[in-house]
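The next block holds one structure in the form of C-alpha cells; read it before the comments.
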Number of protein chains: 2
Amino acid sequence: MATRRRASAAGGARRHSPVAPVRVEPHRCTALEKRRLLGATPFFSALGDGQLDEVAERFDQRNFTVGETIHRAGDPAERLSIVVAGQVKIARPTPDGQDVLLALLGPQEHFGSLLELGDAVYRDDAVAHTDCCVLSTGAESFHALVVRFPSVANAALALVAARLREAQATIEQLSTYPVPRRVAATLLALADRLGTIRPCVDSDDHRGVGNSGDGHDDEILIDATLSRQDLADMTGATVETVSRVLSDFRRRGWIDSGRQWVSVRDRASLKKVAHG
Amino acid sequence: MATRRRASAAGGARRHSPVAPVRVEPHRCTALEKRRLLGATPFFSALGDGQLDEVAERFDQRNFTVGETIHRAGDPAERLSIVVAGQVKIARPTPDGQDVLLALLGPQEHFGSLLELGDAVYRDDAVAHTDCCVLSTGAESFHALVVRFPSVANAALALVAARLREAQATIEQLSTYPVPRRVAATLLALADRLGTIRPCVDSDDHRGVGNSGDGHDDEILIDATLSRQDLADMTGATVETVSRVLSDFRRRGWIDSGRQWVSVRDRASLKKVAHG
DNA sequence: CGAGTCTTTGATTAGGATCAATTGCTGTGG
DNA sequence: CCACAGCAATTGATCCTAATCAAAGACTCG
C-alpha cells in the first residue's frame, strides 16, 4: 500500500514521500484476538489461556484515528491502556504552551492510570499519533488482576521501573548535554524501538541494486511520522535548532531525512556523538 | 546538640553556623525496633505484627557515616534498601564527570534494586549524605515478599509510580524553564520534604522574641547540608549560576542562605517564580 | 494549481557556561 | 585564643550555545 513516486538515489537531495506507509486499522477484535493480544503483552505473558480469558473480559477495545485525543491532562485518571496497534503520543502540556513529548508508544506498551497511581487525574495528554487500536481497563479492575495474579504485579513493577530508568536517562541528557548530542541519542533510541531495515530499497519500484557504493548500506528507517517539532519536544530544543542539527548530520551522511521522517545511515558516528 | 555561636538578627548578612545540627546515630537496631521501623514504611504499613516479623527477619541493618559510599554505579544491583534515619544522596555520574543529583532521600524512602528491576547493575551512586542507618534486603528476598503479600506489591508500584512522576516533572522543568525558575521550584520541593519551621528561633540560646518585625516570619529551614554544588546538580546548572540566583533571591528577601544551608522566607514569591 | 504545513536558513540576541580571582566560613593545631 | 589551610561561596568579565525573530523554499492535499 505504500504510495511512493520516485524514491531517487541515495546521495543527494531529500525527496517526496517519506517511507512510512500509514496503515489504518478500523476493526473490532474478537474475544479470541483480545486474548491473544493481551497474552503477547509483558503484563500477562506469564498467564495461561484460561487466566487470559479472565483478563480479556475486563478489557475493552477502542479505535482512534490520527490526531484524536485519547485523554487530556486534567481528566480523571481511571483507565489503564495498552496499545495493540499503531502509535500513541504521550505529551505533557506546560503552562506556556510548549509541550514536552514524554513518550511515543508502540504495540505492547501501556499508558494511563498505572502511572498515576495515587493520583486523581492524568498529568499528560495522550493522542493517537497514527490510527491505532487500544485495549483498556478500569483502574480498580486492574488492581483486582494484580492481586489475583502475582506475576502481573511483578510485570507491572518491572515496566514502571523501566519507564523510570528511561526518564532518568532523559534527565541526565537534559541536564548535561548539548543539543546535537541529545538529538543523536534520541535518534538512536527511536531507531532501536521503531526502526525498520533498508527503507529505500523495497517497494514495487524496479531497482538496479540498491546500494550504489556510498560507504554504509545498513540504513534504518524510523518507522513513525516524526516531525521536527516532535523531535524538538523530545529533546527540549526548538524546531529551528533541531532542523539545523539534522541538516548538519545529513551533510555528514550520518542520516537521511525529509518531511516527517528520518532514517539512520551511520549508526557508529551517531553513537560517537551521543556518547561523548 | 546544635553548636551555634551567634545567630545574629534576621535582616542583614549571613552568619556562621547554618542551622543544621548534624546528628549521628551509630547504633544497632533490636529486632523489635526493626519491626517498628519497617511497619512505619509505606511498603509494609498494611501488614500486621506477625507478618512484620516475617518481613523484619529478611532485612539487615547497616550504618554509614557521612560521605561513605553505599553503592556505586556499575556494582551488581542486588539489594533494596530503606533509609530509616539520616539522608542518602542518589547521584548519577556522567562520563564527563558532572554528576546529576537524582534524589535526596530521607527516612522511609527507598533506593536500590527495586528501580533496577531487570537490570544487572546499579545506574547510580548512593552516598551517605549524613550519618545514616539503612535497612536492606536481597532482591530475591523482596520478590518473595511481593508474592506473599499483595499489599506490598501495590505499595511498591505506587512508590515507583510516584518516583516516575517526580522524574517527569523534572524533565518538564529541564526542557522548558530557565534556571531561576528551576531553582525556585527545587527550593520549594526541598522545603516541603525536609523543611523545619523557624530555624533561627530555637536552640538553647536565650532569645527575646524572635521575629523582629521584618515582614514575614514563617521562615522554613531546609534541614539538610545543601551546598551550591548540590543545588546545581539538582537543577542542571552550574555552581556559579546557582550562586548568582540565590544572591538575587536573598537580596529580594525571599530566602536566607549561607554555607551549606538555605531557608525559605517568602514562599509565595518563590511560588510565583516557580509557576510562571 | 493553490493554500496550508513543515522545513530550512539567516541574522540577532540573551541566558548561562566558562574562566579567573577574591572573600568568607570552618575546624585544626600551635 | 589566634593563625592558617582548605573548602565553599560570591562576583566580575568574556564567550558561546541555542532561543528568538524573520523570511523563503519544499512537500501534501484538496
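Residue numbering restarts at 1 for every chain, and letters A, B, ... go by the order of the sequence lines.
- With rounding to whole Å, B/Gln229 atom CD is found 20 Å from C/dC25 atom P.
- Listed by chain and residue number, A/Lys89 satisfy the salt bridge (Lys or Arg N to Asp or Glu O under 4.0 Å) test with A/Asp230 (two or more places apart in sequence, or in another chain).
- Not counting sequence neighbours, B/Glu166 has no partner by the side chain to side chain donor-acceptor pair (under 3.5 Å) test.
- Separating the CG atom of B/Leu174 from the P atom of D/dA18 is a distance of 15 Å, rounded to the nearest angstrom.
- For A/His110, the ring-ring contact (aromatic ring centres under 6.0 Å, His included) criterion is met by A/Phe43, not counting sequence neighbours.
- Listed by residue number, B/Pro178, B/Val179, B/Pro180 are the residues of residues 176-183 of chain B with a heavy-atom contact under 4.0 Å to DNA chain C.
- Checking the phosphate oxygens (OP1, OP2) of D/dA9, a side-chain nitrogen or oxygen of B/Arg228 falls inside 4.0 Å.
- At whole-Å resolution of the value, CZ in A/Arg259 and P in C/dT5 are 10 Å apart.
- The main-chain N or O of B/Gly67 is never found under 3.5 Å from a side-chain atom of B/His129 such that the two would form a donor-acceptor pair.
- Over its length, the helix from C/dC1-D/dG30 to C/dG30-D/dC1 turns its helix axis by 30°, as judged from the five terminal pairs at each end, rounded to 10°.
- Counting only residues at least two apart or in different chains, salt bridge (Lys or Arg N to Asp or Glu O under 4.0 Å) contacts with residues 92-109 of chain B comprise A/Glu172-B/Arg92, B/Arg92-B/Asp124, B/Glu109-B/Arg193.
- In terms of the side chain to side chain donor-acceptor pair (under 3.5 Å) criterion, residue partners of A/Thr238 (sequence neighbours excluded) are, by chain and number, A/Thr241.
- Sequence neighbours left out, the pairs with a member in residues 233-248 of chain A that pass salt bridge (Lys or Arg N to Asp or Glu O under 4.0 Å) are A/Asp248-A/Arg252.
- In this structure A/Arg181 satisfies the salt bridge (Lys or Arg N to Asp or Glu O under 4.0 Å) test with no other residue, sequence neighbours excluded.
- Listed by residue number, the members of residues 238-249 of chain B with any heavy atom below 4.0 angstrom from DNA chain D are B/Glu240, B/Ser243, B/Arg244, B/Ser247.
- For the pair B/Asp233 CG and D/dA8 C1', the computed distance is 14 Å after rounding to whole Å.
- Applying the ring-ring contact (aromatic ring centres under 6.0 Å, His included) rule to pairs touching residues 235-256 of chain A yields A/Phe249-A/Trp254, sequence neighbours excluded.
- Among residues two or more places apart in sequence or in another chain, the salt bridge (Lys or Arg N to Asp or Glu O under 4.0 Å) test is passed with B/Asp75 by none.
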